[in-house]
Student: 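Quick one: the structure is below, and I'll ask about it shortly.
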Number of protein chains: 2
Amino acid sequence: MSLRADAARNRSLLLAAAIEEFALHGVDAPVSAIARRAGLGKGTVFRHFPTKDDLVAAIVLDRITRLTELATELAEADDAGAAVLEFMRFAARQRQQLDLSFLSGDLGSEVAEAQQRMARAITALVDRARAQGALRPDVTGTDVMLLMCVPQDVVKHLPDAPPELWERYLAILFDGLRPEGAHPLPGF
Amino acid sequence: MSLRADAARNRSLLLAAAIEEFALHGVDAPVSAIARRAGLGKGTVFRHFPTKDDLVAAIVLDRITRLTELATELAEADDAGAAVLEFMRFAARQRQQLDLSFLSGDLGSEVAEAQQRMARAITALVDRARAQGALRPDVTGTDVMLLMCVPQDVVKHLPDAPPELWERYLAILFDGLRPEGAHPLPGF
DNA sequence: TAACAAGTTGACCGCGCGGTCCGCTTCGTG
DNA sequence: CACGAAGCGGACCGCGCGGTCAACTTGTTA
């Protein structure tokens, strides 16, 4: 055993508190607020995560990993176009709960490698959809990676927006990725 | 005359320096850096703009005004669809030079009113394009306002991106706004 | 050109942040 | 249960920020 029981519990308490706090006030939320929300002292945060960036990296790493898993899973779906859409929907929804970008900022080599793994998984998924004719011939995995968070980001600029508005923008965006004259996917 | 000659010159020097600094390092760029870039003392900045927010507001106000003027101008174009696209292109290009959002953050009533004027101008432009059948029947001015900055925002996540990449995303995005089965505009 | 208003400056202040540290508490074990 | 190690807490530090101010310089005008 490498971690004491209460320490493990506190660690996950801290992660949960950090996710909430970052979602609510952005990455600039002070560490002290995270500690307060977790009902712990500030020092405890730095015991588990030597640096605030390490805390951020831990969360981002988790999110990236989940996205990678989903992309890998969806790569086996019959309808690759629908799979891409579902992936983007998941990514946007996840972004709703977390203001952190997986792309910008240097968060250490571990995160960078995870990003590359995710990029590969997404590229595989997108390549397959393109081969099936579900996407424009020039759409790349990078395109999807860049665009998948847009719906949530855009909606956040509106103070009083209906909570499902982002789906509308996802639809508009995905429509721009489909080949010309293609029929819309069911559900839109 | 209400302003001394050198003071007027310094004021515009400061505005230019602030635009550059904000574009380079975001809105969080310290006031001292702006002063240094302008070759002036920090105190001078606060003489012209009592608060950093006032400086930001001045710049944002200028940008919003230009956008409003352009939207009003373009409302008289024959091809309203092409006009909307050109407007979005201008907005995105402007956003390239400035990291400031015209939408989020409270920057006083003056900016808020200017935002509303811009919203009206854009809505008029978009309504006309929609009436001409150049856009989907459910596209609103708000949609265009929210989406027009996306291309630049998205590209900024890529560290080594070709400078014209944003045009590609504008094309994808605008394509999602056009009615189904419509032929692409010339140039794409 | 004299004299005053207007403008400029950089040292200075208070604040809140990320991060440190050491005395104290609590868990796990023999 | 007793004891050592692992974990905890919060006062504390240094830093860089936005903003202030009083001494100084400069444009303007009669």
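Heavy-atom basis, side chains included; hydrogens, waters and symmetry copies ignored. Lettering of chains follows the sequences in order, A, B, ..., and the numbering in each one begins at 1. Given the structure is predicted, the values throughout are model-derived calculations rather than measurements.
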Student: Just verifying a value: how many Å separate B:Leu70 CG and B:Gln94 CD, rounded to the nearest 0.5 Å?
Tutor: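 One gets 9.0 Å once the value is rounded to the nearest 0.5 Å.
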
Student: If the cut-off is 4.0 Å, is A:Arg47 near the phosphate of D:dC8, judged by side-chain N/O to OP1 or OP2?
Tutor: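 Negative; the distance criterion is not met.
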
Student: With rounding to the nearest 0.5 angstrom, report the OG to CZ distance, B:Ser32 to B:Arg37.
Tutor: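 Answer for the OG-CZ pair, B:Ser32 versus B:Arg37, is 12.0 Å.
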
Student: Want to settle it: does B:Val31 or B:Asp6 sit nearer the 5' end of DNA chain D, counting the closest nucleotide to each?
Tutor: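 Looking at the nearest nucleotide for each, B:Val31 comes out on the 5' side.
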
Student: Rounded to whole Å, how long is the line connecting atom CD1 of A:Ile34 with atom P of D:dG10?
Tutor: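 Nearest whole value for this atom pair: 17 Å.
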
Student: According to a strict under-4.0 Å criterion, is A:His48 in side-chain N/O contact with OP1 or OP2 of D:dG7?
Tutor: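 Indeed not, no polar side-chain atom of A:His48 lies that close.
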
Student: Given atom CZ of A:Arg11 and atom P of D:dA6, what is their separation to the nearest angstrom?
Tutor: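 Distance, rounded to whole Å: 17 Å.
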
Student: What is the distance from CZ of A:Arg9 to P of C:dG28, rounded to the nearest Å?
Tutor: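 To the nearest whole Å, that distance equals 11 Å.
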
Student: Just N and O in the side chain of B:Ser32: are any of them under 4.0 Å from OP1 or OP2 of D:dG18?
Tutor: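 Negative; the distance criterion is not met.
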
Student: Would you mind reading off the distance between A:Leu40 atom CG and C:dT25 atom C1', rounded to a whole angstrom?
Tutor: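 One finds 14 Å between C1' of C:dT25 and CG of A:Leu40, rounded.
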
Student: If you pin A:Pro30 and B:Ala7 to their nearest nucleotides in DNA chain C, which one's is more 5'?
Tutor: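 First, find each residue's nearest nucleotide; the 5'-ward one identifies B:Ala7.
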
Student: CZ of B:Phe46 versus C1' of C:dC12: gap in Å, rounded?
Tutor: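 Atom-to-atom, B:Phe46 to C:dC12, this comes out as 13 Å.
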
Student: The side chain of B:Lys52 is closest to which nucleotide in this list: D:dG18, C:dC17, C:dG7?
Tutor: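 For the B:Lys52 side chain, the nearest candidate turns out to be D:dG18.
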
Student: Just do the side-chain contact (heavy atoms from CB on, under 4.5 Å) check on A:Phe46 and A:Thr51 with the steps written out, would you?
Tutor: CA-CA 6 Å; A:Phe46 288 102; A:Thr51 277; 5.9 Å; no

Student: On a heavy-atom basis, which atom in B:Val111 and which in B:Leu61 lie closest, and how many Å separate them?
Tutor: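 Nearest heavy atoms, B:Val111 then B:Leu61: CA-CD1, 4.0 Å.
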
Student: Which whole-number value in Å describes the distance from A:Leu14 CG to D:dC8 P?
Tutor: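 The answer, rounded to whole Å, is 8 Å.
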
Student: Let me know the distance between CG of A:Asp28 and C1' of C:dC17, rounded to the nearest Å.
Tutor: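 So the two atoms are 10 Å apart, to the nearest Å.
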
Student: Base, sugar-phosphate or nothing for B:Lys42? Non-hydrogen atoms, less than 4.0 Å.
Tutor: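 It contacts base atoms.
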
Student: Separation of B:Arg4 atom CZ from C:dT8 atom C1', in whole Å?
Tutor: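 It works out to 9 Å between those atoms.
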
Student: Quick one: pull up OG1 in A:Thr72 and CZ in A:Phe87 and give me the separation to the nearest 0.5 Å.
Tutor: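 One gets 9.0 Å once the value is rounded to the nearest 0.5 Å.
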
